[in-house]
Amino acid sequence: MSKGIFNKILWIDLSNDTIEEKELTDEIIRQYIGGYGLAARLIYDNMPAKADPLGPEAILGFFPGLLTGTGAPFSGRFMVAGKSPLTGGWGDANCGGYFGPEIKKCGYDVILIKGVASNPKYITIIDGQKQINDASDLWGLDCVQTEDILKEKHGRGQIASIGQSGENLSLISGIVNDKGRIAARSGFGAVMGSKKLKAIMLKGNQKITLTDRDKLLNLTKEYNKSLEWNGVFLGLKTYGTTIATKLFSIAGDTPIKNWGGSVPEDFSIENLDKISGTEILKYKQKTYGCSSCPIQCGAICKIPEIGIEETHRPEYETAGAFGTMLLNDDLMSLFTINDLCNRAGIDTISTGGTVAFAIECYENGILSKDDTGGLELTWGNSSAIVDLVKKMIKREGIGDLLADGSKIASEKIGKGCEKFAIHAGGQELGMHKPTYSENRGAAYAFDPTPGRHTSAKLEVGSRMPIIKPNKLFEGFQLPRKIKVWGEERNEAKKLVIAQYQVTCSLGLCEFLYYFPKYPLVGLINAATGWGITIEEIIKTGLRIQTLRQAFSLREGVDIINIKLPKRAAGVDYLGDYRGTLEKLGWNTQNAYPLKETLTDLNLDFVIKDLY
Ligand code: SF4
């Protein structure tokens with residue numbers, strides 16, 4: 001048995017009220033690492049093709065990264081994974097806080113849930129005791145109330161729960177931990193809601209055995225020390241991601257007015273100043289961050305003006321989705337909406353994108369005041385925006401129409417409004433424009449979880465302070481000519497995709513990409529004793545991406561024909577992708593992995609499903 005892992009899956013079947021442990025071999029973990037890599041293999045194997053994502057056969061998995069819980073820098077993340085009810089294909093959502101490490105403390109590498117309960121339930125795994133409990137009195141409560149009640153009842157522990165949006169099967173709902181961290185993307189709040197599972201509470205007492213704890217500690221200390229005077233480190237530590245709101249908007253990266261506007265023409269510098277990181281910082285009460293993170297980029301805020309005693313600081317993505325995208329400079333409305341969404345468990349990116357869609361429909365006479373239940377949905381009308389979010393959470397009136405995202409709403413409304421729905425494959429795009437960063441369009445359209453703000457991309461053309469890929473991890477070499485379209489750039493994109501799959505699956509935060517020389521190989525080997533090499537890491541990353549792709553193809557998603565809306569498309573994103581396909585060993589016409597590629601990556605079991 002390798003060190004750093006428990007070789008155990010906890011399987012919970014809510015239809016039969018059963019909980020059982022199953023063995024997970026070293027071989028599978030080494031081939032898929034952990035996190036969404038391991039998720040891809042276990043869910044591919046155990047979930048029947050074309051199963052209803054909201055039905056009993058659907059599997060909902062909670063996966064800490066391989067390094068989660070070891071103390072390695074940036075390693076506190078975990079992933080929720082399964083079939084996305086929003087896109088119909090592979091889905092994963094990445095989240096921080098303390099829930100991920102607690103899965104390990106309970107002695108598991110994975111928690112998998114299937115079946116549908118007959119009435120609301122919550123699961124407890126407390127000091128080795130596992131139970132499925134009645135949750136009738138929790139159903140209808142928000143995630144903060146749910147955490148408070150469960151802690152009062154069971155004592156200290158880590159909780160992941162759904163709010164009203166997940167209960168109402170909103171396809172843009174997520175799963176919340178730490179009273180406001182949310183595994184938001186892919187619609188897993190609805191999957192949990194469909195299973196009538198309100199919450200999972202964990203409290204473990206197991207320790208992870210490491211191959212060389214001293215080495216892991218030394219590498220961690222050395223790396224963390226190297227960050228201390230880094231400007232980006234200090235900026236993130238102080239302002240969190242809101243440091244980017246003004247900077248990226250001025251630079252042209254952040255979408256304005258539902259992707260159709262610009263700064264300063266539609267949203268002035270004065271508007272931006274009102275919702276900037278500096279303004280938000282005035283409300284900070286204390287620092288908050290994920291487990292084992294040297295930055296701690298989060299904050300807990302108090303907002304006396306609107307009677308909020310304690311709430312998470314809004315992130316850049318939220319300030320974009322409800323600020324610049326809606327031409328809304330009312331900071332109090334941003335705090336209110338952020339708190340509402342965190343409590344209800346609904347994705348702020350998709351919700352903001354859908355509100356932007358609704359406003360544009362209203363401004364163009366496609367939706368009327370009668371349709372909106374009296375709301376005047378004009379750009380920047382913050383009180384109407386807040387009221388609309390409340391309606392979406394409750395699925396009330398027009399909120400019901402919008403609660404499954406802009407694509408589904410646009411199909412129901414018709415009248416040519418599809419052009420206002422800015423999504424990829426059904427999921428609203430993150431708050432970064434492909435017109436600003438060249439490879440972003442291909443990443444939005446063609447990653448197996450489309451529309452994600454966090455996905456592998458080669459940052460070319462952008463002026464973000466991203467570290468040059470060659471300096472990120474020791475021993476990792478990219479070709480030199482990455483600015484010019486062609487052979488070398490395509491090879492670089494393949495390598496970046498591979499590398500990204502592995503860092504995610506290790507449980508690492510994407511922000512490590514801002515800093516040089518993360519001791520990737522050393523940390524994995526200090527934890528596991530595997531003797532892994534960069535070559536194996538690259539092959540593993542390719543295996544993970546290929547299997548995520550195969551899952552979506554098996555579900556019938558026509559990935560290569562996913563189209564980005566014109567105003568968000570940027571460079572020739574399909575052309576950008578075709579060269580990558582060749583390097584990945586996938587068919588350049590339909591994005592199916594070639595048979596020989598599947599064999600080379602030990603994915604032969606996929607061949608019968610795709611050919
Ligand atoms: S940088 Fe922020 S999001 Fe990333 S691990 Fe640290 S606290 Fe979490």
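From a predicted model like this one, the values you see are computed outputs, not experimental measurements. Counting starts at 1 for both ligands and their atoms, following the listed order.
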| salt bridge (Lys or Arg N to Asp or Glu O under 4.0 Å) between R452 and D92: does it pass, once the steps are laid out? | CA-CA 10 Å; R452 291 282 294 277; D92 47 59; 2.6 Å; yes

| Distance criterion under 2.8 Å: protein N/O/S atoms around atom 4 (Fe) of ligand 1 | 1

| field | Electrostatic pair E102-K105, nearest N-O below 4.0 angstrom | value | yes

| query | Do R548 and Y36 meet the cation-pi criteria used here (NZ or CZ under 6.0 Å from the six-membered ring centre, within 45° of the axis)? | reply | yes

| task | Start with the C-alpha gap between Y316 and F248, add the side-chain angles, then the distance that decides, and say whether ring-ring contact (aromatic ring centres under 6.0 Å, His included) holds. | result | CA-CA 10 Å; Y316 160 81; F248 289 6; 5.6 Å; yes

| query | Of all the atoms in ligand 1, which lie at a distance below 4.0 Å from a heavy atom belonging to R181? | reply | 3 (S)

| request: For the pair R185 (side chain) and G174 (backbone), establish whether a donor and an acceptor sit closer than 3.5 Å, ignoring hydrogens and angles. | output: no

| query | Between T533 and E536, is a side-chain contact (heavy atoms from CB on, under 4.5 Å) present by the stated rule, with each step listed? | reply | CA-CA 5 Å; T533 59; E536 184 177 340; 3.7 Å; yes

